[in-house]
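Here is the naming used below: chain letters follow the sequence lines, and residue numbers restart at 1 for every chain. Since we're looking at a predicted model, the values are computed, not measured.
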There are 2 protein chains.
Amino acid sequence: MVKRKENSTSSLNENYWKENCGITRTLCLIGGHWKINILAFLLKEKILRYHELRKRLHGISERMLIAKLKELENDGLVTRTVYQQVPPKVEYSLSELGSSLESIIQLMDHWGETH
Amino acid sequence: MVKRKENSTSSLNENYWKENCGITRTLCLIGGHWKINILAFLLKEKILRYHELRKRLHGISERMLIAKLKELENDGLVTRTVYQQVPPKVEYSLSELGSSLESIIQLMDHWGETH
DNA sequence: TAGGATACTGACAAAAAAGTAAGTATGGTG
DNA sequence: CACCATACTTACTTTTTTGTCAGTATCCTA
C-alpha cells in the first residue's frame with residue numbers, strides 16, 4: 001500500500017470535485033481499474049471466494065485484487081465474510097449499497113456492447 | 001503527448017479486456033479523469049468554447065483539457081468546430097454517440113448525489 | 001509597433017497506479 | 001516432518017498519468 005501525498009495538486013483538486021460533484025463521487029468508487037469488473041462478477045454470481053474472483057479477472061495480480069477488494073470494502077460496496085478454518089475461506093458479495101449500482105453497471109455493459 | 005508502451009503487461013491486458021468486456025470498453029471512453037465531467041457540461045450546456053470549458057472545469061490544466069478533448073474527439077464522443085477567425089474560436093459539443101451516454105451520466109450523477 | 005485575445009503545443013518533473021516476485025500463517029495429510 | 005491449500009502481505013521497480021510553465025500563431029486595436 002503506497003499512501004498518496006495529501007498536499008499534491010492532484011489530491012487537493014480531487015477533494016474539491018468529490019465535494020462538489022456527484023459524478024466524481026460515483027467515479028471515485030467504481031471508476032478505478034478492475035473495480036467495476038469485480039462488482040459486475042459479484043452482481044452476476046452473488047458470492048465468490050477470493051480465488052474464484054482471481055480466476056475470473058484475467059490478468060489481475062494478487063496485489064491489485066486485494067487492494068481493489070479492500071477499497072470496495074472500505075467504501076461499503078462489498079461485504080467480506082471470513083470463515084475461521086484452515087485453509088482459509090473468504091467470501092465476497094455485494095452489500096446493499098453495492099447492489100444499488102446495478103442499473104449503472106448494466107447500462108455501461110449494454111452501451112459498451114452496442115457501440 | 002506521451003505515448004504508451006505497446007508491449008507492457010498493462011497495455012496487453014487492457015486490450016484483452018477491451019475485446020472481451022463491454023463495461024471495460026465504456027470505461028475506456030468515459031472513465032478517465034475529467035472526461036465524464038466534460039461530457040456532463042456539454043450535456044447541460046450543449047455548446048461550449050474552449051475557454052468556457054476551462055472556466056467550468058475547476059483546477060484543470062490546459063494540457064489536460066486539450067488532451068482529454070482530443071481523446072473524446074478521437075473516440076467520436078465530441079464534435080469540434082473551428083471558426084476561421086482571429087482571435088480563434090473553437091466550439092465543442094456532443095456528437096450523437098456522445099449524447100447516447102446521457103442516461104449513464106445522469107444515473108451516475110444521481111447516484112453520487114444520493115449516496 | 002507593442003500589446004491583447006484565443007486556442008493551443010512542448011519539454012521536463014512529480015505523483016500515482018500497476019507489475020513482479022518472494023514471503024507469512026496454519027492446521028491437516030502422507 | 002515436509003508439503004499442501006488458501007488468502008493474503010511486503011519491498012522494490014516499471015509504467016502511466018498529471019502538473020508546471022514557458023512558448024507559438026494571427027489579426028486587430030491603441
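- Within residues 36-55 of chain A, the residues that have a heavy atom under 4.0 Å from DNA chain D are, in order of number, A:Arg49, A:Tyr50, A:His51.
- A:Tyr92 comes within 4.0 angstrom of the backbone, heavy atoms only, and of no base.
- Atom-to-atom, CG of B:Asn13 to P of D:dT16 comes out at 12 Å; the value is rounded to the nearest Å.
- The side chain of A:Arg63 places no N or O atom within less than 4.0 Å of a non-bridging phosphate oxygen (OP1 or OP2) of C:dG19.
- Not one side-chain nitrogen or oxygen of A:Ser11 sits closer than 4.0 Å to the OP1 or OP2 atom of D:dT18.
- B:Ser8 comes within 4.0 angstrom of the backbone, heavy atoms only, and of no base.
- Using a 4.0 Å heavy-atom distance criterion, A:Glu62 is classed as a base contact.
- Between A:Gln85 atom CD and C:dT29 atom P there is a gap of 13 Å when expressed in whole angstrom units.
- Look at CE on B:Met64: it is 13 Å from C1' on C:dT9, rounded to the nearest Å.
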Inset, instruction - Step by step, work out the side-chain contact (heavy atoms from CB on, under 4.5 Å) result for A:Arg25 and B:Glu113. - result: CA-CA 8 Å; A:Arg25 279 196 291 278; B:Glu113 295 296 346; 3.2 Å; yes

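- Toward the 5′ end of DNA chain C lies the nearest nucleotide of A:Lys5, the other residue of the pair B:Thr9 and A:Lys5 mapping further downstream.
- C:dC8 atom P lies 12 Å from atom CD of B:Glu91, rounded to whole Å.
- Of the two residues near DNA chain D, B:Arg4 and A:Lys89, the one whose nearest nucleotide lies more 5' is A:Lys89.
- Between the CD1 atom of B:Ile60 and the P atom of D:dT20 there is a distance of 13 Å, given to the nearest Å.
- Within 4.0 Å of B:Ser10, counting heavy atoms only, lie sugar-phosphate atoms of the nucleic acid but no base atom.
- For B:Lys70 and C:dG10, the NZ to P distance is 8 Å, given to the nearest whole Å.
- Straight-line distance from the CZ atom of B:Arg80 to the C1' atom of C:dT6: 12 Å, rounded to whole Å.
- Looking at B:Thr26, its side chain does come within 3.5 Å of a backbone N or O of B:Gly22 through a donor-acceptor pair.
- For the pair B:Glu45 and B:Arg56, the salt-bridge criterion is met [side-chain N within less than 4.0 Å of a carboxylate O].
- Between A:His33 and the phosphate of C:dA18, there is a side-chain N or O to OP1/OP2 separation shorter than 4.0 Å.
- Just one residue in the list B:Leu48, B:Thr81, B:Val78 forms a side chain to side chain contact (heavy atoms under 4.5 Å, CB included) with B:Tyr92, and that residue is B:Val78.
- The two residues A:Leu27 and B:Gly31 come nearest to each other via the heavy atoms CD2-O, 3.9 Å.
- Residues B:Tyr50 and B:Ile47 do not share a hydrophobic cluster, clusters being chains of Ile/Leu/Val/Met/Phe/Trp/Tyr side chains in contact below 4.5 Å.
- Atom CD of B:Gln85 has more than 12 neighbouring heavy atoms from other residues, nucleotides or ligands inside a 6.0 Å radius.
- Going from atom CG of A:Leu65 over to atom P of C:dG19 covers 12 Å, rounded to whole Å.
- Closest heavy-atom contact between B:Met108 and B:Ile36: SD-CD1, 3.7 Å.
- Dashed line: the shortest gap from a side-chain N or O of B:Lys68 to OP1 or OP2 of D:dT18 is under 4.0 Å.
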